Structure formats: structure tokens, C-alpha cells
Peer 1: 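The structure that follows is given in the form of C-alpha cells.
These numbers come from a predicted model, not from an experiment. In what follows, chains are A, B, ... by sequence order, proteins preceding strands, each numbered from 1.
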2 protein chains.
Amino acid sequence: MKKVTINSVASYAGVSKKTVSRVLNNEPNVSDATREKVLKVFKELDYTPNPIARGLAQNRSFIIGCIYDNPSKSYITRVQTGALAACQENKYNLLIHPCDLRGDALISNIEHLLQSSRLDGLVLTPPFSDFKVLVDFLKSKKIPYARVASAVLEDDSISVRSNDEQGAFEITEHLIKLGHKAIAFIKGHPDHSATEQRFKGYRRALSMHGIEFNERLVEEGNFSYHSGVDSARSILDLIPCPTAVFASNDYMAAAVLKLATQRQFKVPDDISIAGFDNAPIARHIWPGLTTIAQPVEEMTKQAVTKLIEHIGEPQEQPYQVTLEARLITRESTAQVR
Amino acid sequence: MKKVTINSVASYAGVSKKTVSRVLNNEPNVSDATREKVLKVFKELDYTPNPIARGLAQNRSFIIGCIYDNPSKSYITRVQTGALAACQENKYNLLIHPCDLRGDALISNIEHLLQSSRLDGLVLTPPFSDFKVLVDFLKSKKIPYARVASAVLEDDSISVRSNDEQGAFEITEHLIKLGHKAIAFIKGHPDHSATEQRFKGYRRALSMHGIEFNERLVEEGNFSYHSGVDSARSILDLIPCPTAVFASNDYMAAAVLKLATQRQFKVPDDISIAGFDNAPIARHIWPGLTTIAQPVEEMTKQAVTKLIEHIGEPQEQPYQVTLEARLITRESTAQVR
DNA sequence: CCGCATTATGACACCGGTGTCAGGGTTGAA
DNA sequence: TTCAACCCTGACACCGGTGTCATAATGCGG
């Protein structure tokens, strides 16, 4: 298979390579006849431009990076799916880069990543979306970035989120309407901005329905299944035991369900359990978890699409969108007895 | 931040850029004094070579692609983790590319991927690892590739697998030793080579322990949770009902568990359930699933490492390794009553 | 038909590295 | 002392595109 370069196309079509380049990039000032001719040669020779050469000339890599430090595999794959969709539409590549939020080496890690891969932009996923140190660093280096599921909005960046507070409010209200008054809550990881948002929604629902907030019903988790087990233990030991538990994500909710089942609780008859995220596990277990579904793929896709647009034309406007989350009721919640 | 190129380093160090290049690539024929001097300037100027320029010059991209068409998110993330580890050690990037095995456009899809991203190599994950059409295509195009978890070994390629047949044998034997004789089996997706391997292991264990194979106890699944539900339905409807079910992966096993629980079976007292893969869900549900753990990350890491070595020196030897799988017993299997 | 603005095209440098090759310096054996 | 062999080093072309600018061709009003 002979390599087809812009030179072969040019000589074959009888034009200069600059003209070929013009056709490639849909630039104006090419006569229709010439354009047609070149396009035909593209087909005939089955020409594909070399992105590396193009990258070198334009000082771009056509790669955007996605960084994460998230225990939920399913969340990550959903993020990736959305990001990939946007990348493929725009002939970009996606580089995935798991890294440690806590490490003091984070900034230098990211700096090295940017240096060595010459990324055109970065997608920040939770918990990085609201990690000020990092955002400030990127801003100072003028690295384009987009934030997914951030709580704090900034008026000069790209940010696509879903309404965590509202989602938490709705699911809590759902429990209240089923007659629950003692509703335990398991918080997420303190570094995730969603943690506070969901907690806020929980409290708003309580207060709106005149239920007094009880601090003893709140446990600190960190979104991991394991932390859910610990929190569940404390909650199920409470006397009197709450009639419902709302965990900040489905893994922790699944942990509550597991422990409750082990302890011979009947779910949802003895205790209702609700989660958040609509992770696969929510429907893979019995009883299925009532939860909140967020459009993770869609959020990420929009964020990445805007990011790529922004790379192309840096004067582009900021983009701030909040998508709706949706309550999904399954068997794990029921009328209080 | 001024851009630091090989030219700035060269003039700063008072040598030619070719010499700088020699130091960069650890080439011989550079005097120690010169090497030291250049290395010092690297530090001083904080120089990072531009991978794009290097790629253009060497006609390489330093990117390897990982293609998959796999319903198990957790499997994919594990593959990615392993692949990333190998890539980072070797300053490579990983491009992930989900695609449809069934689509007739597969080959042209992959061809386009290779063309447009100039990948240096490809990692094939199940079910692509044993997809002959694709392997032949890559071979004919002389694209370096490595296969993860393939069943069929070829003596001229890189292939790292785990022993599916042996794993299935062991878990079946585990059930037999618990006194089970009527052990149902749920097959995986027919396109995955693991499907046949696991089935073979199941049959070998039966025959080795003098249990007659009963075709009615075998259901066709496809590794998805949903297919597990369908298979579970058929199995639980059998009269007499088998005392154990061995599903070819944990998702399907979880589906059996869910349906069994819904139907008021007590697991493992009324029926034992075993899975395969040690997916997170296996320990997230109650009772936890007895299963087989495979070193997926390690397999992929080895495969990718060898692949990168092979790209560097194409005359490299083939590499064929089989890693061991390991039985993990949890609460879902017990002595038959 | 002329002068000028506008469009179409190509020559050439450039992006930041690597490959080739030639030349100067040093070493060691004859 | 001489000459081949070897080690260092740099000049220069090249990878495959894009940016700049000059120039040729065309359109158009006067």
C-alpha cells in the first residue's frame, strides 16, 4: 500500500499542495472547478490527511484529555461514552487519565500530562470539576477546559451540569410522600461538590414538609460501596431505626440494602432505601433501587462539543447549562407501615 | 511561558540540534561531557520534546488503540486500567474505541480509525481477540496488535490470556464437592471465545466426577444482565429445579440471584449460584457471589507492554502467556441440602 | 480599453523533531 | 611516522501538512 500524501494528491491533480490544503480545510478562494477536481482525486487515491503533520503545523494535537478520580466505574464509562461521541463527531481523540485528587503531585502530574501530550483541552469530571486549585492553574496557563457536573458556576467557562440539589429534593420528597419522617441520609465524598448539593436538596425537602432535621440521622460516606457498609451499620443500629435511608449514590444504597438484608430487614416493608445516579447496580439487585437518573453522557457530550468549538475559536462565548435529573421509582421504596 | 524547542536547547548548550536529539534518544556516540551539558540544559530550561514533531519525523503516533464491544463496564475499566499502566510507563497514549462487532462496517470502521489516527498498534479485547476476520485484516496490513484473553493461540502474535477453561472447571468442581449434581449452566455470548472455554470447563468437571451432562440444564445467554434474567426464568421453571446454577459471568449470575430471590428461593439454602469474573457486583449483592477472579489488569498490562516493545523492534519474538484464574468463594454457594 | 479591486493559485518558509552523510579529531596497529 | 578505523559532531534534507506573501487571472466601473 503506497502512502498517499498531500504531495501525491497535488501532483496527481496538477495543483500545488497549498491548494489541496485549501480544499481540505474548506477554505474560500478556490474555484469550483479546482475544488471538484481535487475532491475527485481524494476519492480516487483514497487520501486521508495525516493528523500528526497537521498537528505539528498548527501546533495542535487534536487530542483532549479527560481526567478523573472516581470510584464509580459505571460513571466513568458513561462519561467516556459521552466524551467519545463528541470527539468522534469532531475528529478528535480522547485521552483518559485517571489521577489522584489528593496527591500533592496533582498539579505537576497534570502539567506533565499537558506538556508531554500537548493536549488541546481538558475535560474535568467530578471531583475535579470544582477543584479550584486545578481550575485556577488551567486558567493561568490558558488551557481550554470544560467542567462536567460542577456545582459552582463561573461565568467565563464551559460547564454542563445536572441539578443535583433538585434531584435530591425530589427523591426525599418522594419518601416523605410515602409517609416517611425518619429519613437517614448518607453523604458522599467531601471533595465532590455533588455531596453538598445532594445534602442541600435533602434538607430543603425536609424543611419544606415541616420535618425537623435530625443530625443523628446523617452519616458521612465517600461514595464507595465500602463506606456505605459502615454508614449502614451505624444507621441500622439506631434506636428507633429510621424507616427510610437516602444514600447519596447507588453503591452506598446497595450497601445499605445488603446489610439490611443480612440483618433480616425486609426491604421495602421494614425500611425503604433510595440511591442516586441510576447506576447499573440499581436495577441489578433485588429489590431494585429507587434513584435519580442523570444524563451523564449527554452532559459530557455537550461539554466536550463546546470545548472543541472553543479550541477552534477561542473568542467563543462561555456555556453554562443545567440539565434535568429524573426520579426513577423501583421496589426499594414503599409506603411506611 | 516561552516555548522551549530543541533549537533553543541546542543554541543554549552550544551544540547542534542533532546532538540534542542524540541525547534525547540515548544514542551512542555522544561524549560524556556533551551529554552532561545537554542534560543540564534540559533541566534548566525544563524542556519536553514535542511528541507530535517526533511522531511526524518517525512516522509514529505514540498512540495505541483499544477496541471493545463489551457489555461489562467493569471489565472495560479494568482493561483500561491495565492498558493505561503500560502506556504511561512507555510514554504512550491510549485511544479507546468502542465499536460494533456485528456491523458489516467493522473492518472499514477499524481501517478508518487506523488511517485517521495513525495508531501504532491495536489492543484487541474480547470479543475481538478471537475475531478471525479482524486479525487477518490486521496481519495483512501489518498493523501490530496484541490480543487479550483470546482462546485460540497463534504462534506469531502477542497474546495474554487467563485460563477460562480451568477456572470454569474449578468452580464447577467446587459445586460438585458441595454435593450438587443438577448444576445448570448459562452460556455467554457466542461471539466471545470465553463462552466455549467456560462451557468446556463445566463439562470436563462433570464428566471427571461421573455426572452425566444434561442438555436441558444449559441455557444460552450473552453475558448481559438481561439475558441472565431470561435464562434464569427457564432454569427456575424446570421440574425438578436444579440445586445449583453456574452462570458464565457475574452479571448473569446476579440476574439469577435476583429472580430467585423474587421467587422466594433462599440462596444458597434452596439453590447455589456461581458466577465468573469477580465483577464488583459479585461482592455488592447479598449473598455475595462465588466466582472466578481473573487478572484482567495484569493481562492487559502485559499485552500492551509487549505490544509497545514490538512496535519499537518489530523483529521481537511472539509472546504467549496464560495467567491463572482463582476461585473466590462467597455466600452464594453452599452444601446441598 | 484602462485602471483598480478582487479572486485564484503557487512558491517558499516553517512547525520540531529525526535520518543520512560527510568531515574533523583521536586512537592504535603496522 | 603513516594510515585505517573509529568516535563525535554538525549540515542539511525530510516527515506532511499550514501560514505568508507575491503574482497571475479575472471582474467591473468609468
Side-chain angles (χ1 to χ4, degrees), chain A residues 1-39 41-42 45-63 91 114-118 120 311-312, chain B residues 1-39 41-42 45-63 91 114-120 311-313:
Chain A
M1 184 181 71
K2 182 96 181 32
K3 226 178 339 186
V4 181
T5 72
I6 198 169
N7 291 298
S8 28
V9 173
S11 66
Y12 194 95
V15 298
S16 76
K17 62 181 201 171
K18 179 63 216 187
T19 300
V20 177
S21 168
R22 288 199 178 89
V23 175
L24 262 182
N25 295 284
N26 272 316
E27 285 176 32
N29 298 342
V30 179
S31 73
D32 288 352
T34 309
R35 192 180 296 275
E36 298 269 312
K37 189 169 56 180
V38 173
L39 286 174
V41 176
F42 282 174
L45 300 188
D46 193 22
Y47 168 69
T48 323
N50 184 331
I52 300 186
R54 190 194 294 229
L56 179 61
Q58 299 190 140
N59 199 23
R60 312 223 255 149
S61 62
F62 296 95
I63 298 179
K91 314 220 178 218
L114 294 168
Q115 275 289 319
S116 65
S117 303
R118 308 286 153 133
D120 288 349
I311 292 167
Chain B
M1 185 179 74
K2 181 100 179 29
K3 228 181 333 188
V4 181
T5 73
I6 196 167
N7 291 297
S8 27
V9 173
S11 65
Y12 195 92
V15 298
S16 76
K17 62 181 199 167
K18 179 63 214 186
T19 300
V20 176
S21 166
R22 287 199 179 92
V23 175
L24 261 181
N25 295 285
N26 271 317
E27 284 176 34
N29 297 342
V30 179
S31 73
D32 287 351
T34 309
R35 192 180 296 274
E36 297 269 312
K37 187 168 56 181
V38 173
L39 286 174
V41 176
F42 282 176
L45 300 188
D46 193 22
Y47 169 69
T48 324
N50 184 331
I52 301 185
R54 188 194 293 229
L56 179 61
Q58 299 189 150
N59 199 24
R60 312 221 252 150
S61 61
F62 296 95
I63 298 178
K91 314 220 176 218
L114 293 168
Q115 276 288 321
S116 66
S117 301
R118 307 287 153 131
L119 300 180
D120 288 348
I311 292 167
E313 330 193 14

Peer 1: Counting only side-chain N and O atoms of A:Ser16, is one of them less than 4.0 Å from OP1 or OP2 of C:dT9?
Peer 2: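 No, no such contact exists.
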Peer 1: CZ of B:Arg22 versus P of C:dG16: gap in Å, rounded?
Peer 2: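 The answer, rounded to whole Å, is 21 Å.
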Peer 1: Do any N or O atoms from the side chain of A:Ser11 and from the backbone of A:Ser8 form a donor-acceptor pair under 3.5 angstrom?
Peer 2: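 Yes, the answer is positive, given that a donor and an acceptor are paired below the 3.5 Å cut-off.
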Peer 1: Rounding to an integer number of Å, can you tell me how far B:Ile6 CD1 sits from C:dG19 C1'?
Peer 2: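 It is 13 Å, rounded to the nearest whole Å.
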Peer 1: Treating B:Thr5 as the side-chain partner and B:Asn7 as the backbone partner, does any N or O pair qualify as donor plus acceptor under 3.5 Å?
Peer 2: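 Such a contact is found between B:Thr5 side chain and B:Asn7 backbone.
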Peer 1: Give a yes/no answer on whether the side chain of B:Lys18 brings an N or O atom under 4.0 Å of OP1 or OP2 in C:dG17.
Peer 2: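 No, no such contact exists.
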Peer 1: Is any side-chain heavy atom of B:Arg118 closer than 4.5 Å to a side-chain heavy atom of A:Pro51?
Peer 2: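 In short, these two side chains touch, coming nearer than 4.5 Å.
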Peer 1: Going by number, which of residues 49-59 of chain A have a non-hydrogen atom under 4.0 Å from DNA chain D?
Peer 2: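 Output list: A:Pro49, A:Asn50, A:Ala53, A:Arg54, A:Leu56, A:Ala57, A:Gln58.
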Peer 1: Can you find a side chain N or O atom of A:Tyr47 that sits less than 4.0 Å from OP1 or OP2 on D:dG17?
Peer 2: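 Affirmative; the distance criterion is met.
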Peer 1: Flag yes if more than 12 heavy atoms outside B:Phe42 fall under 6.0 Å of its CZ atom; otherwise flag no.
Peer 2: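 Yes, CZ of B:Phe42 has more than 12 neighbouring heavy atoms, counting only those of other groups under 6.0 Å.
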Peer 1: Specify the separation, in whole Å, of atom CG of B:Asn7 and atom C1' of D:dC12.
Peer 2: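 Rounded to the whole Å, the gap is 13 Å.
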Peer 1: Report the distance from atom CG of B:Asn25 to atom C1' of C:dG19, rounded to the nearest whole Å.
Peer 2: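 Computing the B:Asn25:CG to C:dG19:C1' distance gives 11 Å.
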Peer 1: Can you tell me how far apart CG (B:Asn59) and NZ (A:Lys3) are? Round to the nearest 0.5 Å.
Peer 2: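 Interatomic distance, B:Asn59 CG to A:Lys3 NZ, rounded to 0.5 Å: 4.5 Å.
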Peer 1: Kindly give the heavy-atom pair with the smallest separation between A:Leu45 and A:Val4, and that separation in Å.
Peer 2: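 Between these two residues, the closest heavy atoms are O-CG2, 3.5 Å.
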Peer 1: Can you list, by residue number, the residues of residues 28-38 of chain B that have a non-hydrogen atom closer than 4.0 angstrom to DNA chain D?
Peer 2: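 Those residues are B:Asn29, B:Val30, B:Ser31, B:Thr34.
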Peer 1: Whether B:Thr19 contacts D:dG10 is assessed here as follows: a side-chain N or O lying under 4.0 Å from the phosphate OP1 or OP2. Is that the case?
Peer 2: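 B:Thr19 to D:dG10 OP1/OP2: side-chain N or O found under 4.0 Å.
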Peer 1: May I ask you to test the A:Ile311-A:Arg60 pair for a side-chain heavy-atom distance under 4.5 Å?
Peer 2: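 A side-chain contact exists here, since the closest heavy-atom pair is under 4.5 Å.
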Peer 1: Can you tell me if A:Asp32 has over 12 outside heavy atoms packed within less than 6.0 Å of its CG?
Peer 2: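 No, the 6.0 Å shell around CG holds no more than 12 heavy atoms from other groups.
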Peer 1: Does A:Asn50 use its side chain to pair, donor to acceptor, with the backbone of A:Ile52 at less than 3.5 Å?
Peer 2: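 Yes: the side chain of A:Asn50 pairs with the backbone of A:Ile52.
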Peer 1: Over all strands shown, is A:Val20 touching base, sugar-phosphate only, or nothing at heavy-atom distances under 4.0 angstrom?
Peer 2: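 No contact.
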Peer 1: Given the structure, check if the side chain of B:Lys17 and the base of C:dG17 hold any donor-acceptor pair shorter than 3.5 Å.
Peer 2: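 Side chain to base: pair found, below 3.5 Å.
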Peer 1: May I have the distance from B:Asn26 (atom CG) to C:dT18 (atom C1'), rounded to whole angstrom?
Peer 2: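 Distance, rounded to whole Å: 15 Å.
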